[in-house]
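Right, one structure below, let's go through it.
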Amino acid sequence: MNDDQRRIDRYADAFERRLACSAAERARRRAELVEHLTDAAEAGDLDDALARLGDPEHAAEAFTRGRPAAEASFGRRIGAALVDNLPLVAVAAGLLVQSASRGGTIGGAFPPFVYVRGRDFCVSLLPTACSQDDGGLLHAIGLPLALAWSIVGLALLESRSGATPGKRLAGLRVVTEAGLLLRPGQSLVRRVSFLLGPAAWLDWLPFLFGERRRLLDHVAHARVVTAAPPSRDSRTP
């Protein structure tokens, strides 16, 4: 492999990692780019070709431009969110059942409250949580694990493929405003509202006014869109 081919491969790899589409579509677009750059290299024009394209992220934006996707509806987003956050739903239901069996005051809040209770203290993001009974191991272990999945686990999936299990089932994808894959930090920002317990629903207020983006979608410069169907070229005959 000569130096030009190594440069092309490195550029194409970085370009492909930023694309928010199916694996088959990413491979197709990468092949188009490699073919273009290989032709330029054979003509002795590789440096100029790379300069015209800019860095791999700008090149990915250029390939994505002109392929706008519709923003997802509230119903599809909620359905996908319920599937994605099944562990958190299960913990919330478990706390409710536990509360009922004990006659305590842990209510059916979703997402559940986050608090740390000691013998003589209680620390919470929301003051009302400290009036609740001890949630036991389900709260001390189950809730942190469920939150780790809902915040960190799903964020990493989104930043790698643009989709989570629920969004894949609903035919949705998370992208930047330019249509590229989110970076891990952006994906995490979209999900920190889970730490606010039931107050996390305030993040969805824009939907009451006809918008299709949550407050933290705006902060993270993200959009949830309908996934494009496979192109004709990428379908098997």
Side-chain angles (χ1 to χ4, degrees), residues 72-174 182 184-208 212-220 222 224:
S73 66
F74 176 79
R76 291 178 73 176
R77 289 193 61 172
I78 285 293
L82 286 175
V83 173
D84 283 337
N85 296 288
L86 279 177
L88 201 55
V89 173
V91 168
L95 288 172
L96 179 60
V97 171
Q98 181 176 272
S99 172
S101 66
R102 293 179 176 179
T105 57
I106 295 179
F110 185 79
F113 290 102
V114 178
Y115 63 90
V116 177
R117 185 180 295 280
R119 178 177 298 178
D120 301 315
F121 67 91
C122 180
V123 179
S124 171
L125 292 174
L126 296 173
T128 53
C130 285
S131 65
Q132 299 172 350
D133 291 339
D134 185 3
L137 291 177
L138 186 59
H139 186 279
I141 298 176
L143 180 55
L145 289 176
L147 282 173
W149 165 254
S150 291
I151 297 173
V152 180
L154 293 175
L156 292 177
L157 288 177
E158 281 182 357
S159 65
R160 288 177 62 87
S161 66
T164 57
K167 287 184 175 64
R168 192 169 285 110
L169 286 173
L172 304 179
R173 196 179 302 279
V174 187
L182 269 64
Q186 291 174 287
S187 294
L188 285 171
V189 166
R190 292 185 65 250
R191 299 184 167 278
V192 294
S193 60
F194 278 110
L195 296 175
L196 299 178
W201 289 103
L202 295 175
D203 191 26
W204 293 80
L205 278 178
F207 282 84
L208 296 178
R212 293 198 171 188
R213 295 170 72 186
R214 296 188 286 111
L215 291 174
L216 288 180
D217 288 336
H218 287 283
V219 173
V224 179

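Index from 1, following the sequence. Hydrogens, waters and symmetry mates are skipped; everything else that's a heavy atom, side chains included, is used.
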Can you find a pair of side-chain heavy atoms, one from Leu195 and one from Ile151, that are under 4.5 Å apart?
yes
Looking at Val152, is its backbone amide N or carbonyl O close enough to the side chain of Arg191 to form a donor-acceptor pair, meaning the two atoms are under 3.5 Å apart?
no
Between Leu143 and Leu138, does a side chain to side chain contact (heavy atoms under 4.5 Å, CB included) hold up when you go through it step by step?
CA-CA 6 Å; Leu143 180 55; Leu138 186 59; over 6 Å; no
Rounded to the nearest 0.5 Å, the CD1 atom of Ile78 sits from the OG atom of Ser73 at a distance of 10.0 Å
Separation between OG of Ser159 and CZ of Arg190, rounded to the nearest 0.5 Å
11.5 Å
If I compare all heavy atoms of Leu172 with all of Ala80, which pair ends up nearest, and what's the gap?
CD1-CB, 4.3 Å
State, with a plain yes or no, whether a side-chain heavy atom of Val89 is found less than 4.5 Å away from one of Phe110.
yes
Heavy-atom distance under 4.5 Å between the side chains of Ser193 and Trp201, does that happen here?
no
Can you give me the closest heavy-atom contact between Arg76 and Gly171, atom names plus distance?
NH2-O, 3.4 Å
Distance in Å, Leu202 CG paired with Leu215 CG, rounded so as to fall on 0.5 Å steps
8.0 Å
One should read off an interatomic distance between Glu158 CD and Arg173 CZ, to the nearest 0.5 angstrom, of 11.5 Å
Using the six-membered ring wherever Trp is involved, compare the ring planes of Trp204 and Phe74 and label them parallel, tilted or perpendicular (cut-offs 30° and 60°).
perpendicular
Side chains of Asp84 and Ser150: does their closest heavy-atom pair fall under 4.5 Å?
no
Distance col, row Leu154:CG vs Leu188:CG, nearest 0.5 angstrom, shows 10.5 Å
Separation between CG of Leu95 and CZ of Phe113, rounded to the nearest 0.5 Å:
11.0 Å
Give a yes or no answer on whether the side chain of Asp203 reaches the backbone of Arg214 with a donor-acceptor pair at less than 3.5 Å.
no
For Asp217, which of Arg77, Arg212, Gln186 qualifies under side chain to side chain contact (heavy atoms under 4.5 Å, CB included)?
Arg77
